[in-house]
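Along the sequence shown, residues carry numbers from 1. Every heavy atom of this structure was used, including side-chain atoms; hydrogens, water molecules and symmetry mates were not.
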Amino acid sequence: ESTVNTERTWIVVSKEAHEAMRSRAQLPWKEEGRRLTDGSWKVPLSWHTLHILRDYQLDGETLSDTILRVCLTSGRHKQ
């Protein structure tokens, strides 16, 4: 699910992906997302960030899967 606006879009991600995003944030985290009744999160992303995620997304992956994979992979290389 996504809602269109000129600067950003909203995506729905799993609780685990949301937590990974929070833990890997490079800037102070400002919570703008909303927790949904099923435990997932609706969060805003810039269009630029969404395009980057889509570039990393593998066939069959959800955006949550991609976020988790990218966060886990980048965490291994960070010193």
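Atom-to-atom distance recorded for Trp47:CH2 and Arg8:CZ is 12.0 Å, nearest 0.5 angstrom. The CD1 atom of Ile11 lies 4.5 Å from the CD1 atom of Ile67; values are rounded to the nearest 0.5 Å. Taking CD of Glu19 as the start and CD of Glu16 as the end, the distance is 9.5 Å to the nearest 0.5 Å. To the nearest 0.5 Å, the span separating CD on Gln57 from OG1 on Thr62 amounts to 7.0 Å. Note: Leu68 CG to His18 NE2 = 12.0 Å, rounded to the nearest 0.5 Å. Atoms CG and CE, from Leu45 and Met21 in turn, are 5.0 Å apart once rounded to the nearest 0.5 Å.
Between the side chain of Thr73 and the main chain of Val70, no donor-acceptor pair closer than 3.5 Å is present. Within the 3.5 Å criterion, the main-chain N or O of Ser64 finds no donor-acceptor partner in the side chain of Ser14.
The two residues Ser40 and Val13 make their nearest non-hydrogen contact at CB-O, 3.2 Å.
Contacts of His48 classified as side chain to side chain contact (heavy atoms under 4.5 Å, CB included), with partners at least two apart in sequence or in another chain: Ser46, Ile52. Listed by chain and residue number, nothing satisfies the side chain to side chain donor-acceptor pair (under 3.5 Å) test with Asp55 (two or more places apart in sequence, or in another chain).
For the salt bridge (charged side-chain N to carboxylate O under 4.0 Å, His left out) condition, the pairs that include at least one residue of residues 58-69, sequence neighbours left out, are Glu61-Arg69.
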